[in-house]
Amino acid sequence: METQIKKISIIGLGYIGLPTAAMFASRKIEVVGVDVNQTAVDTINRGEIHIVEPDLDMVVHAAVNEGYLRATTKPEPAQAFLIAVPTPFKGQDHTPDLSYIEAAAKAVAPVLEKDNLVILESTSPIGATETMAGWLAEARPDLSFPQDAGEASDIQVAHCPERVLPGKVMQELIANDRVIGGMTPKCSKRAAALYKTFVTAECVIASGPRVAEMAKLTENSFRDVNIAFANELSLICDQLGIDVWELISLANRHPRVNILQPGPGVGGHCIAVDPWFIVASAPEQARLIRTAREVNDSKPKWVLDQVQAAIGAHLMKNAGKTAADVTIAIYGLAFKPDIDDMRESPALAITRALASSHPGRVLAVEPNVTETEQLLSDGIFLTGYDNALQQADIHVALVDHAPFRAATPPTNMIVDTRGIWRR
Ligand code: SAJ
């Protein structure tokens, strides 16, 4: 009979760790969140949050107030440890950077006790769970681990990748199926039972952690390849004078066709990163996955070229003016619609590139962002939609935020990467 888990420690209180911590705490399980960021820890302990995610604030507030959730910078003993730290890539060759997982494993190892369950939630390259188990075993030779002791191990280890969509995390945590890749059947069984605390969908047990790692990477690569297809179509359609959004909506009328939407590039910290982990594991075979990354990564440059062409066309029509007289308005800086997250945002990268190269004014409309200092120092002036509409000579739509779709479209020169003004 396995001990019921009554205390969980979540390592990494970011976009995945904090909502997960709050979810367990809302089910009246004691949760200790651990993060190296003292400001984040202090904020959470006040019942507040340091990230933007709908509905997260009230769940954290209630969990802290009722005493089920607290944060600290140093791991302490618990029955289960969930590691939800970043897994970026390094340098030009995009090799996975496991240093955050290594640091988390080494921080947790000293407080591990017999019968503990350690779950890696971070999206990880193939083999990372076994590598993490190796780091734990190295630090704790007094305990046995699944790689050596199998089902009889003192510590259970599993990979249970997060697969929630930023902006819908609180719903998707509960409603999405969960892939459980334990290092042994016992590891999987314990991990599945733990997630069943709040997951109403299925906890699907994989044959091991490697296939679970690959499943998560495959989900994001599937989306990246589909977006690359849409982005490539947008270049082809531009060449042929065809409206790409009309084209996609027509093709999607076929019962077995479902093309995603083109845009200014792929942003965020998942889809633009994870496919590279597959490429790193099988560089010779992952040709399509690599090409999709390259297509999506090249889209911002194409958008910049379109803006340059629009400036040229504007100057042709307005004799005597120079580029310094041309005001450009950007609509949207976030990495996708209706969120405030600008991390790895192609829209922000394009805007910064314009602000540093264009001699005229660069205005930006971003209804979800209030932090203006950094933008200002980059030469980007935040303004309202109507003001941008009036002031600018060239209008560049980069993010299809809901308010933009509802607003009056500009009448002068347009570069619309999202098809929001096409009606
Ligand atoms: N994008 C397009 N066209 C589209 C859809 C998206 O250009 O038709 C762009 C977005 O604008 C954005 C980027 O792709 O720049 C990524 O946005 P997203 O909404 O596709 O995905 P993320 O990064 O917010 O979340 C993804 C999700 N994965 C899948 O849908 C397969 C989420 O479920 C994962 O949990 C998350 O990655 C993650 O953490 O890995």
Side-chain angles (χ1 to χ4, degrees), residues 231 234-235 238 243-245 261-267 297-338 340-423:
N231 276 332
S234 75
L235 309 192
D238 182 66
D243 178 335
V244 68
W245 290 279
Q261 299 298 308
V266 166
D297 275 354
S298 67
K299 196 70 194 289
K301 164 80 174 64
W302 184 82
V303 175
L304 284 167
D305 291 345
Q306 297 278 103
V307 178
Q308 282 312 322
I311 296 171
H314 178 80
L315 293 178
M316 291 279 280
K317 277 205 235 156
N318 294 274
K321 298 250 178 196
T322 67
D325 305 313
V326 178
T327 298
I328 301 172
I330 301 293
Y331 298 81
L333 296 175
F335 90 84
K336 64 178 193 173
D338 304 319
D340 71 329
D341 194 342
M342 295 196 288
R343 290 175 304 164
E344 313 301 326
S345 166
L348 183 62
I350 289 167
T351 311
R352 281 193 171 134
L354 276 174
S356 70
S357 65
H358 177 60
R361 279 194 312 157
V362 176
L363 310 175
V365 185
E366 179 40 86
N368 302 310
V369 167
T370 46
E371 289 287 326
T372 55
E373 245 168 70
Q374 181 60 48
L375 293 172
L376 256 181
S377 71
D378 290 342
I380 303 165
F381 299 88
L382 270 195
T383 185
Y385 188 94
D386 291 338
N387 190 44
L389 216 57
Q390 273 175 10
Q391 305 250 331
D393 305 297
I394 292 166
H395 304 269
V396 186
L398 297 180
V399 188
D400 44 342
H401 289 311
F404 297 167
R405 287 197 174 271
T408 319
T411 46
N412 41 357
M413 201 70 80
I414 283 171
V415 177
D416 184 356
T417 70
R418 294 287 188 178
I420 58 181
W421 293 319
R422 57 183 285 275
R423 76 192 154 193

Worksheet item: For residues K299 and T417, is any side-chain donor paired with an opposing acceptor at under 3.5 Å?
Response: no
Across all chains, not counting sequence neighbours, the ring pair (Phe, Tyr, Trp, His ring centres under 6.0 Å) partners of Y385 are Y331, F404
Rounded to the nearest 0.5 Å, the NE2 atom of H395 sits from the OG1 atom of T327 at a distance of 9.5 Å
Q) Do the side chain of H401 and the main chain of A334 share a donor and acceptor less than 3.5 angstrom apart? A) no
Of all heavy-atom pairs linking A392 and I328, the shortest is CB-C, 4.2 Å
Taken in chain and number order and not counting sequence neighbours, the residues that satisfy salt bridge (charged side-chain N to carboxylate O under 4.0 Å, His left out) with D393 are none
Would a 4.5 Å heavy-atom cut-off, applied to side chains only, mark P264 and R418 as touching?
-> yes
Should L333 and L382 count as side-chain neighbours, where that means a heavy-atom distance under 4.5 Å?
-> yes
Scanning both residues in full, the closest heavy-atom pair of G419 with W245 reads N-CZ2, 3.1 Å
CZ (R361) and CD (Q391) are apart, to the nearest 0.5 Å, by 4.5 Å
Rounded to the nearest 0.5 Å, the CD1 atom of I330 sits from the CD1 atom of I350 at a distance of 7.5 Å
Nearest heavy-atom contact between N368 and D340 is O-CB, 3.2 Å
(Q) Measuring only between side-chain heavy atoms, which start at C-beta, is N318 closer than 4.5 Å to D325? (A) no
Check whether any side-chain heavy atom of N231 sits under 4.5 Å from a side-chain heavy atom of W302, and report yes or no. no
Taken to the nearest 0.5 Å, the spacing of T351 OG1 from L363 CG works out to 11.0 Å
T411 meets the side-chain hydrogen bond (donor to acceptor under 3.5 Å, both in side chains) criterion, sequence neighbours left out, with none
Side-chain touch L348/L375, heavy atoms, less than 4.5 angstrom | yes
In short, A397 meets D416 closest at the heavy-atom pair CB-OD1, 3.4 Å
Margin query: With a 4.5 Å cut-off on side-chain heavy atoms, are D338 and P403 touching?
Written below: yes
Sorted by chain and number, sequence neighbours left out, side-chain hydrogen bond (donor to acceptor under 3.5 Å, both in side chains) with Q390 holds for none
Here the pair of heavy atoms bringing V365 nearest to A388 is CG2-CB, 3.5 Å
Sorted by chain and residue number, the side-chain hydrogen bond (donor to acceptor under 3.5 Å, both in side chains) partners of K321 (sequence neighbours excluded) come out as none
Separation between OG1 (T408) and CG (L389), nearest 0.5 Å, reads 6.5 Å
Taken in chain and number order and not counting sequence neighbours, the residues that satisfy side-chain hydrogen bond (donor to acceptor under 3.5 Å, both in side chains) with R352 are D378
Heavy-atom closest pair (V326 atom, L315 atom, distance to 0.1 Å) is CG2-CD2, 3.8 Å
Q. Can you check whether D238 reaches Q306 side chain to side chain, under 4.5 Å on heavy atoms?
A. yes
